[in-house]
Number of protein chains: 2
Amino acid sequence: MASVFSSAQVAGGPRSHSKILDAARCVLSEQGYPALTIEAVAAAAGVGKSTIYRWWPRKEALVADALAEVFRVDEIPDLGDTHAELRYAVDMTIDNYANEDMAASLPALAAGLLPHPELMSQFREAFLFRKRENIAVALRRAIQRGDLPDDLDTDLVQDVWAGTILYRRLMTGSPLDADLAEHLVHLVTNTPTRRTDECA
Amino acid sequence: MASVFSSAQVAGGPRSHSKILDAARCVLSEQGYPALTIEAVAAAAGVGKSTIYRWWPRKEALVADALAEVFRVDEIPDLGDTHAELRYAVDMTIDNYANEDMAASLPALAAGLLPHPELMSQFREAFLFRKRENIAVALRRAIQRGDLPDDLDTDLVQDVWAGTILYRRLMTGSPLDADLAEHLVHLVTNTPTRRTDECA
């Protein structure tokens, strides 16, 4: 997904820009979000600190862009099959949070942005809006097929999906497996939430 | 809830111990989790850094204890009414994350603990196990009343509840209101997830 926190496209330094984002992800993997510094990213990218500061006013913005590039926001294909499309959406969400750097960084990043409304709204644009709109399209398709109620709250569905996945990854450490994906799909199609044999 | 990250009870310094935790919450409110240092907490509590390090090996442990003291883990009273008891459990969870310090610190803290399995398991003990067990008791009561299916996955229910609430607080910024609470209760009692008038 496109970079939303910098104006590198117009500033005209696409090669350094992409090298810096690669370096940021690399430092993130090795040192974690709290320990990441602009200095370390500059050293890893082989550029000066001022080059980074020219594009990203602060660490949060740089990390957000670096993660946004690897965050999946696929359009959900029209498969003519509501279950398959919802499962696609849930699997994409699991895929995003199964990424170790993402799981460790995204919540810390969001918490760090909460006091900065301007950056927080760019963050939401990068990580929420496009993915949410793409999934909402699939949900509305399912409503038109008559497979979901026409007053379905498509925002709540996505809060439940992404929230449960993030919470498991971050807090409980429970697996993000096919069993969870099926439960999350069934929650929306209104099949009861039941324990399967392998979880008993 | 009790302190799980220190051995202050036996080390015999209950007054300083509680003063340090108060100071930690105060510094957290003023400066946020990333900026909090042991030095600042020591200064605010009027103790030496070594006093803090005697009880808490690192910042994460200190903050976890400070937050654990204000994290609600109520036993859910037997109200003879499944809806009322589930609503009690959801409201308690909302209450925990509506707290600004908690919302901003808990995810960053969890992310910081992920690389330290020993501290992570203490963290889960403080923030998850007792609350989860207390809510599970209420869910099992509802199952015995015949109000919920007897193979209900009580862990998944709680992941869905806490996950949705945390995600809204941290990522989307959507309100944690009575409308959300009712939706989350209905998700478990298998009423369809529908948009109410005031959200339309």
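Within every chain, numbering begins at 1; the chains are lettered A, B, ... in the order of the sequence lines, protein sequences first and strands thereafter.
Taking A/D81 as the reference, nothing meets the salt bridge (charged side-chain N to carboxylate O under 4.0 Å, His left out) condition, with sequence neighbours excluded. Under the salt bridge (charged side-chain N to carboxylate O under 4.0 Å, His left out) criterion, B/K49 pairs with B/E39, not counting sequence neighbours. Residues meeting the salt bridge (charged side-chain N to carboxylate O under 4.0 Å, His left out) test with A/E75, sequence neighbours left out: none.
Judged by distance alone, the side chain of B/R169 and the main-chain N or O of B/Y97 form a donor-acceptor pair under 3.5 Å. In terms of modelled atom types and a separation under 3.5 Å, the side chain of A/R25 and the main chain of A/A66 share a donor-acceptor contact.
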Assess whether side chain to side chain donor-acceptor pair (under 3.5 Å) is satisfied between B/S29 and B/D101, documenting all intermediate values.
CA-CA 6 Å; B/S29 285; B/D101 298 335; 2.5 Å; yes
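Heavy atoms closer than 4.5 Å to chain B are found in the side chain of A/L180, but not in its backbone. Looking at B/L170, the atoms closer than 4.5 Å to chain A (heavy atoms on both sides) sit in the backbone and in the side chain alike. A/L166 touches chain B through its side chain: at least one heavy atom from C-beta onward sits under 4.5 Å away, while N, CA, C and O do not. Interface remark: A/S174 contributes side-chain atoms only to the contact with chain B (heavy atom separation under 4.5 Å).
Ring planes of B/W56 and B/H17: parallel class, angle under 30° (limits at 30 and 60°).
Contact check on A/E125 versus A/R130 returns no salt bridge, with no Lys/Arg side-chain nitrogen under 4.0 Å from an Asp/Glu carboxylate oxygen. Between B/R132 and B/D159, at least one side-chain N (NZ, or NE/NH1/NH2) sits under 4.0 Å from a carboxylate O, which counts as a salt bridge.
Within residues 137-144 of chain B, no residue has any heavy atom closer than 4.5 Å to a heavy atom of chain A.
For the set A/G163, A/G173, A/A110, the entry with the most heavy-atom pairs within less than 4.5 Å of chain B is A/G163. Heavy-atom pairs under 4.5 Å with chain B were tallied for A/L184, A/L106, A/L128; the largest tally goes to A/L128.
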